Amino acid sequence: MSDAFITETELDGAEDGVLAGKTIAIKDNISTEGVRTTCGSAMLEDYVPPYDATVVERVHEAGATIVGKANMDEFGMGTTTETSFVGPTDNPAAPGHVPGGSSGGSAAAVAAGDADLALGSDTGGSIRCPAAFCGVVGIKPTYGLVSRYGLIAYANSLEQIGPLAPTVSEAASLLDVIAGPDDRDATTRADPGEGSYADAADGSVDGMTIGVPTQLVEGADKGVREAFESAIESLEAQGATTTEVDLPSVEQAVEAYYVIAMSEASSNLARYDGVRYGHKSDADGNWNESFAQTRSEGFGEEVKRRILLGTYALSAGYHDKYYAKAQQARDWIKQDFDRVLAEVDVLASPTMPVPPFELGESLDDPLALYLADANTVPVNLADLPAISVPAGETDGLPVGLQLVGPAFGERTIISAASALE
Amino acid sequence: MTAQTVQQGELVTVIGLEVHVQLETETKIFCGCSTGDADEPNEHVCPVCLGLPGALPVVNEAAVEAAVKIGKAIDAEIPQETRFHRKNYYYPDLPKNFQITQYDEPICQSGELEVRVEGERRPIEIERAHLEEDPGSLQHVGGGGGIDSAEYTLIDYNRAGTPLMEIVTAPDFRSPAEVRAFLAELEEVLEYLGVFDAERDGSLRVDANLSIVEAAEADENGELSTEALESANRTEVKNISSHKGAEKALAYEETRQKNAIQRGRVVEQETRHWDESRGITVSMRSKAEEKDYRYFEEADIPPLQVAHWREEIEIPELPRARRERFREEYALDEEAASKLTSTKQVADFYEDLASEFDPDLAATWVADELLGELNYRDMAITELEDRLDEVARLVELVATDEITAKNAKEIVLRTMLDEGAAPDAIVEAEGLGKTDEGEVQAAVEAAIADNPDAVADYAEGDDGAINFLVGQVMQATGGSADPGTVNQLLRAELDD
Amino acid sequence: MSEDAVTEKDVRHVASLARVALADDEVDRFTTQFEEILDAFETLEEVPSVDRSAELTNVLRPDEKRDSLSPEEALENAPETEEGRFKGPNVS
């Protein structure tokens with residue numbers, strides 16, 4: 001069993017700054033200059049980036065010390081951190097169970113106290129799921145709030161880097177440090193709102209309206225539902241009002257997500273051919289043969305599966321049926337969320353429909369595992385912000401509550417989440 | 001079905017082009033690496049153009065401006081929204097194993113460029129033009145060194161990410177000569193726009209599609225139907241890098257295909273490689289291998305809405321229009337107008353000169369003398385950009401009879417170019433100044449006095465004797481008197 | 001069960017496009033799994049079409065030089081290099 005880190009380091013930050021004296025774990029798909037960055041894959045086992053991701057520069061300037069590169073599902077593809085080439089990380093809050101994925105190492109490091117803070121990435125729930133499973137706080141920002149320059153891409157139209165921390169206010173402070181436009185990432189935009197995220201963690205939820213989408217609660221495990229409902233009651237007791245809302249489009253969300261994510265992955269991972277960096281096969285052959293061998297050796301099964309399915313979804317004859325349709329579904333989902341968020345301030349649901357799996361339990365049925373992402377993936381498709389905050393336990397296993405806000409509505413969800421602490 | 005035989009009958013050549021031009025910007029299309037010449041391989045690379053994990057593309061404003069200028073110059077539409085797509089395929093020169101290009105929403109659509117061949121003018125339709133990134137450069141090593149037999153490949157990514165404009169024509173060409181004329185015209189227009197440098201290695205690359213179609217398929221206007229064009233087997237000819245090369249390659253290919261058809265043989269639909277040194281095209285792979293590029297939108301680059309740039313962006317007067325204006329405004333013939341508009345720099349230079357002096361005289365000096373001397377020395381007119389006033393002074397000296405045209409060309413101009421000296425300094429040093437009237441008169445009288453035989457011959461009607469006397473006067477004045485004037489003065493004296 | 005069942009041939013074709021060499025048992029396993037997963041994707045047929053919402057546009061950078069990597073940095077992670085160039089397999 002690996003611990004939370006693939007590589008341990010001690011990279012001191014600048015002397016002053018809001019994070020001075022804090023330690024931070026960086027998910028191993030975020031480039032750190034001079035420090036091995038593997039994405040949890042044998043393909044990049046020895047890859048040392050010659051540059052820092054923008055978020056790493058910002059964290060460094062804010063004074064934090066980087067103590068390690070955190071374990072993760074290979075290339076971000078997974079929900080349990082079990083597809084990492086170094087093996088899984090145990091869940092410190094639920095030993096013998098998975099820490100969630102794909103930012104499992106980041107969440108575990110924070111939960112175990114190996115780091116004060118962590119950065120993860122979230123493509124379809126990869127920050128929120130491990131945050132929920134490990135009993136910590138995790139934020140997936142609005143698409144475009146945080147620079148992706150240096151984030152090793154899995155699905156570039158869906159993913160964002162975000163903070164994990166023991167409390168809402170610490171996660172919010174870290175978000176203040178990493179957020180903001182970057183001229184090296186053309187998809188970043190300035191948050192039009194005012195005031196820091198840290199200040200928004202004021203515990204006040206009085207007068208807030210919370211929508212609970214039926215579709216995101218009805219399929220959840222009984223114990224998870226009970227913990228969720230109890231947390232909702234706590235918010236109501238502090239002055240929030242809840243109402244049931246209808247989001248029919250989420251029925252297609254998992255499928256749309258996987259088609260888009262796999263298609264983008266098949267292209268984003270094409271560059272791994274052993275010529276410029278990464279694993280290279282010893283086998284002979286021309287470039288077609290050599291590339292095919294290298295990639296077969298370097299990638300694990302889940303990655304191969306997604307690359308192949310993504311290639312299929314984009315290929316001639318299938319593009320319209322799968323990829324184009326998935327994009328259409330995405331437009332519909334965006335519209336659906338905009339509609340309900342015009343009526344309420346935030347949406348609430350259990351982060352994951354199930355409690356943490358036992359290690360090894362989920363590996364035989366890929367499709368079943370994909371369906372476990374049902375509550376988190378719609379948010380990535382809609383480009384919206386979401387936070388997972390601890391909301392009790394079921395059978396001694398952590399349960400998380402997810403709050404979703406409108407675009408650049410981080411302050412609202414931070415505020416509501418802090419009321420649960 | 002990959003091939004077809006064609007019956008005997010009149011055969012028409014049909015050619016379409018995909019022209020790739022490198023745009024002249026300081027930096028690459030998606031990153032801030034220099035596009036200038038490099039001393040070492042892999043010197044102008046960064047995480048973005050090397051395709052390192054985590055790097056992201058950001059579009060160069062100047063590349064988009066260049067594209068809009070080109071669109072304007074070829075009368076193309078710039079659509080309301082244009083976006084980038086990924087073209088997915090594997091090749092060692094492609095750092096990401098996909099190329100960022102444009103697919104169904106290119107920045108320029110439906111333009112045209114007129115070509116003239118043997119006095120006939122015809123518009124060639126340009127279906128589209130779009131922006132994309134250049135791949136790296138490959139070196140095939142070992143074996144015979146050729147691409148087919150090499151043992152391995154060495155790659156330099158300095159070129160990767162250079163902005164390219166791909167210009168696609170309709171299959172409108174009917175001869176290799178037309179293709180050459182089109183490419184020459186296109187290069188000229190692009191240079192005028194300041195977006196292209198023909199001198200730069202690899203700045204122009206052409207892929208041509210050629211098919212031979214039966215003339216019987218044409219309608220009464222001589223137009224070939226779309227079906228006929230699409231059903232004919234076409235070969236793609238790659239590795240053409242100049243307009244002259246294009247004509248040679250296509251002439252070869254045209255002959256090869258016609259020969260095959262006339263012998264009842266099959267023309268394969270395939271890709272062929274132009275080998276300039278051997279003067280032949282060589283089969284590469286059969287085009288039967290369908291390429292599935294799995295195009296999809298590049299989500300890292302937000303779309304561009306630049307239709308309004310078309311009005312706002314200025315482009316200079318284009319070569320054809322300038323040529324026509326020169327002919328009218330300066331009363332120049334076709335040949336002179338052509339030479340004087342051969343590059344924008346020459347045309348600008350000429351117009352500056354013509355604004356001060358007789359345009360005809362200026363034309364002679366620039367088109368004939370100056371360009372001739374520059375070409376001989378392999379110099380470009382831009383090297384004289386800062387010496388415009390010196391050239392103007394030279395022309396002035398001739399225009400005002402201060403020095404003879406002969407001396408101006410043979411001594412002053414050449415010395416100006418070879419030694420960088422100024423005209424007045426040269427005139428003084430070489431003693432070429434116009435001899436004053438008194439001196440000439442004295443030399444004329446002396447020549448008459450010293451050569452009584454020639455005088456006598458002239459008196460008896462031998463007009464040619466005058467030339468001998470002119471020669472004597474020229475010698476006496478060190479060649480700087482004007483022969484015409486000397487001739488007149490002698491006659492004036494002798495006819496008295 | 002979807003109309004066009006995924007076959008071994010499809011899986012091999014896609015593996016070739018994606019340059020991933022597969023062992024026979026992997027082909028078998030993937031064929032079965034893909035069948036199931038693509039079947040699930042059929043639900044996308046039911047999606048209504050909606051208008052695309054406005055997006056970010058015209059993000060451009062000035063044509064100014066930025067620091068490049070040194071050739072050493074560029075070649076640092078390459079498994080094989082020769083004379084300052086990356087070494088790859090032959091292309092034929």
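Just so it is clear, the model here is predicted, and its values are computed rather than measured. Quick note on labels: first sequence line is chain A, next is B, and so on, each numbered from 1.
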(request) Output, in order, the C-alpha distance, side-chain angles, deciding distance and verdict of side chain to side chain donor-acceptor pair (under 3.5 Å) for A/R276 and C/N77. (result) CA-CA 7 Å; A/R276 293 160 296 283; C/N77 283 289; over 6 Å; no
(message) I need the C/E42 CD to A/Y322 OH distance, nearest 0.5 Å.
(response) 5.0 Å
(message) A side-chain contact here means heavy atoms from C-beta on lying under 4.5 Å apart; do A/E301 and C/R29 qualify?
(response) yes
(request) Tell me, please, which residues at least two apart from A/A253 pass side chain to side chain contact (heavy atoms under 4.5 Å, CB included). (result) A/V250, A/I333, A/V377, A/P378, A/L381
(request) Check C/A40 against A/L367 and note the closest heavy-atom contact, atom names and distance. (result) CB-CD1, 4.2 Å
(request) Answer yes or no: is there a side-chain heavy-atom contact under 4.5 Å between A/Y312 and C/H13? (result) no
(request) Against chain A, label C/F30 side chain, backbone, both or neither, depending on which of its atoms sit under 4.5 Å from a heavy atom there. (result) side chain
(message) Heavy-atom cut-off 4.5 Å, strictly under: side chain, backbone, both or neither for A/S266 against chain C?
(response) neither
(message) With a 4.5 Å cut-off on side-chain heavy atoms, are A/V259 and C/L44 touching?
(response) yes
(message) Less than 4.5 Å apart, side chain to side chain, heavy atoms only: is that true for C/L38 and A/L309?
(response) yes
(message) Which atoms of C/E36 are under 4.5 Å from chain A, going by heavy atoms: the side chain, the backbone, both sets, or neither?
(response) both
(request) For residues C/P79 and A/G274, report the shortest heavy-atom separation together with the two atoms involved. (result) CG-O, 3.2 Å
(request) Sort A/T188 into side chain, backbone, both or neither according to what part of it lies under 4.5 angstrom from a heavy atom of chain C. (result) backbone
(message) Between A/Y370 and C/I37, is there a side-chain heavy-atom distance shorter than 4.5 Å?
(response) yes
(message) I'd like to know which of A/K304, A/Q293, A/E297, A/R330 tops the heavy-atom pair count under 4.5 Å against chain C.
(response) A/K304
(request) Could you tell me which portion of C/E26 (side chain, backbone, both or neither) has an atom closer than 4.5 angstrom to a non-hydrogen atom of chain A? (result) side chain
(request) Give a yes or no answer on whether the side chain of A/R295 reaches the backbone of C/A18 with a donor-acceptor pair at less than 3.5 Å. (result) yes
(message) Do C/P89 and A/F291 make a side-chain contact, defined as non-hydrogen atoms from C-beta onward lying under 4.5 Å apart?
(response) yes
(message) Measuring from atom CG of A/L308 to atom CD of C/Q33, what distance do you get when rounded to the nearest 0.5 angstrom?
(response) 10.5 Å
(message) Please report the interatomic distance CG(A/D273) to CZ(C/R19), rounded to the nearest 0.5 Å.
(response) 10.5 Å
(message) Any heavy-atom pair between the side chains of A/E251 and C/T43 that's under 4.5 Å?
(response) no
(request) Using a cut-off of under 4.5 Å on heavy-atom pairs, state which of C/A78, C/G88, C/P48 scores highest against chain A. (result) C/P48
(request) Sort A/S249 into side chain, backbone, both or neither according to what part of it lies under 4.5 angstrom from a heavy atom of chain C. (result) neither
(request) Give, as side chain, backbone, both or neither, the part of A/A329 having an atom under 4.5 angstrom from any heavy atom of chain C. (result) both
(request) Would you mind checking which part of A/D284 comes under 4.5 Å of any heavy atom in chain C, side chain (CB onward), backbone (N, CA, C, O), both or neither? (result) neither
(request) Taking the side chain as every heavy atom from C-beta outward, state whether A/Q252 and C/F41 have any atom pair closer than 4.5 Å. (result) no
(message) Using the side chain to side chain contact (heavy atoms under 4.5 Å, CB included) criterion, which residues pair with C/V50? Sequence neighbours excluded.
(response) A/D331, A/W332, A/Q335
(message) Report which part of C/L69 has an atom under 4.5 Å of a heavy atom belonging to chain A: side chain, backbone, both, or neither.
(response) side chain
(request) State plainly whether the residues A/K325 and C/E45 are in salt-bridge range, i.e. N to O under 4.0 Å. (result) no
